[in-house]
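Read the structure below first, then the notes.
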2 protein chains.
Amino acid sequence: MTQREPTGDELVELFAALANPVRLRIIATLRGGRDYVSNLARVIGVSRPLLHMHLQRLEAAGVVVGSLELSDDGKAMKYFELADLDLHLTPELIATAAASLTGKENK
Amino acid sequence: MTQREPTGDELVELFAALANPVRLRIIATLRGGRDYVSNLARVIGVSRPLLHMHLQRLEAAGVVVGSLELSDDGKAMKYFELADLDLHLTPELIATAAASLTGKENK
DNA sequence: TATACATGTAAGAAAGTTCTTACACATGAA
DNA sequence: TTCATGTGTAAGAACTTTCTTACATGTATA
């Protein structure tokens with residue numbers, strides 16, 4: 001999402017992923033380092049299932065990356081960290097991306 | 001939306017405004033110059049009431065600016081043009097904005 | 001007057017988003 | 001075994017977004 005120019009569909013998904021206060025807080029929190037789902041939920045102050053859903057949305061958009069790991073005491077822990085995100089947002093970028101919008105078969 | 005750093009609430013509104021294929025097409029089209037509602041609807045291929053709604057959303061987010069004018073033959077024409085939009089989108093920007101999220105009284 | 005063009009808005013259907021509650025499973029320690 | 005911790009997911013309510021259709025207003029021209 002940061003390297004090559006995003007397609008129109010990717011850009012819509014990225015903006016949709018970022019258009020939510022809880023998800024912006026997740027990103028802000030993850031700037032302090034990777035964290036796992038239950039702890040993130042506590043820190044941010046939302047329920048774990050809700051946070052799980054928000055993380056899925058962010059991961060689908062390529063904003064965060066998750067990896068399931070086993071802790072020393074054998075628990076399955078899903079850690080999330082920020083992916084690269086560095087986009088120069090201008091009308092030019094949008095116009096380029098818009099040219100590749102499919103707008104049909106998308107869901 | 002391009003000059004000062006956006007607040008968290010403004011950023012959510014901006015992303016929400018951009019998270020739609022029709023609205024990306026509107027922005028792409030307006031790069032070619034200002035245009036009025038009925039003509040934009042024809043060019044983009046959506047109904048005029050629908051386009052009207054999308055333009056309202058873009059204007060509320062500060063992405064476009066509209067001005068009602070009288071044409072030579074006396075018709076009321078509402079012209080829209082792009083506002084400045086130049087944002088370096090990074091986790092840092094998001095983290096800064098997230099700190100100002102209200103998350104309460106906002107609808 | 002009727003047509004063509006412009007504006008705005010309101011009602012309602014359909015679909016998507018957000019959130020809670022509840023369930024299921026697994027491991028380690030008391 | 002029971003409790004505390006972690007994982008995931010499914011059902012349903014409440015709300016928002018998207019879109020169509022229909023109505024109402026106006027001016028200029030045929």
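Note on naming: letters A, B, ... go to the chains in the order of the sequence lines (proteins, then strands), and numbering restarts at 1 for each one.
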request  = Looking only at side-chain atoms of A:His54, point me to the closest of D:dA10, C:dC19, C:dT27.
outcome  = C:dC19
query = So which one's nearest nucleotide on DNA chain C is more toward 5', A:Val46 or B:Met77?
reply = B:Met77
query = Side chain of A:Lys75: nearest nucleotide among C:dT27, C:dG8, C:dA6?
reply = C:dT27
query = Quick one: which of D:dC19, C:dC19, C:dA6 gets closest to the side chain of A:Leu50?
reply = C:dC19
remark   = Ranking C:dT9, D:dT7, C:dT7 by distance to the side chain of A:Arg48, first place goes to D:dT7
message = Counting only side-chain heavy atoms from C-beta out, which of D:dC19, D:dA28, D:dG6 sits nearest to A:Tyr36?
response = D:dG6
query = CG of A:Leu55 versus P of D:dT7: gap in Å, rounded?
reply = 10 Å
query = With no hydrogens and no angle check, do the side chains of B:Asp9 and B:Thr7 hold a donor and an acceptor under 3.5 Å apart?
reply = no
ask   = For C:dT18, does either OP1 or OP2 sit under 4.0 Å from a side-chain N or O belonging to A:Asn20?
value = yes
ask   = Whole-Å distance between D:dT18 P and B:His52 NE2?
value = 16 Å
note = A:Tyr79 OH to D:dT5 C1', in whole Å, measures 13 Å
task = Please tell me which of the listed nucleotides, C:dT21, C:dT7, D:dG6, lies nearest to the side chain of A:Pro49?
result = C:dT21
request  = Looking only at side-chain atoms of A:Ser38, point me to the closest of C:dC5, D:dT7, C:dT7.
outcome  = D:dT7
key: B:Leu40 CG - C:dA6 P separation (whole Å)   = 12 Å
ask   = Where the side chain of B:Val37 is defined as all heavy atoms beyond and including C-beta, which of D:dT20, C:dG8, C:dT20 is the nearest nucleotide?
value = C:dG8
request  = Measure the CZ-CG distance between A:Arg34 and A:Asn39 for me, rounded to the nearest 0.5 Å.
outcome  = 12.5 Å
query = Expressed in angstrom and rounded to an integer, what is the separation of A:Glu69 atom CD from D:dT7 atom C1'?
reply = 14 Å
message = Whole angstroms only, please: what is the CZ-C1' distance between B:Phe80 and C:dT7?
response = 11 Å
message = Tell me whether A:Glu10 is salt-bridged to A:Arg4, with the criterion being a basic N under 4.0 Å from an acidic carboxylate O.
response = yes
task = Rounded off to whole Å, could you give me the CG-to-C1' distance for the B:Leu51 and C:dT9 pair?
result = 15 Å
query = If each of A:Arg57 and B:Lys78 is mapped to the nucleotide of DNA chain C with the nearest heavy atom, which maps nearer the 5' terminus, i.e. the 5' end?
reply = B:Lys78
key: Distance, rounded to the nearest Å, where A:Phe15 contributes CZ and D:dT17 contributes P   = 17 Å
ask   = Thinking salt bridges, do B:Lys75 and B:Glu69 make one under a 4.0 Å N-O criterion?
value = no
request  = Determine whether A:Leu55 and A:Tyr79 fall in the same hydrophobic cluster, where Ile, Leu, Val, Met, Phe, Trp and Tyr are linked whenever their side-chain heavy atoms lie under 4.5 Å apart.
outcome  = no
query = Taking only side-chain nitrogens and oxygens of A:Ser47, does any of them come within less than 4.0 Å of OP1 or OP2 of C:dC19?
reply = no
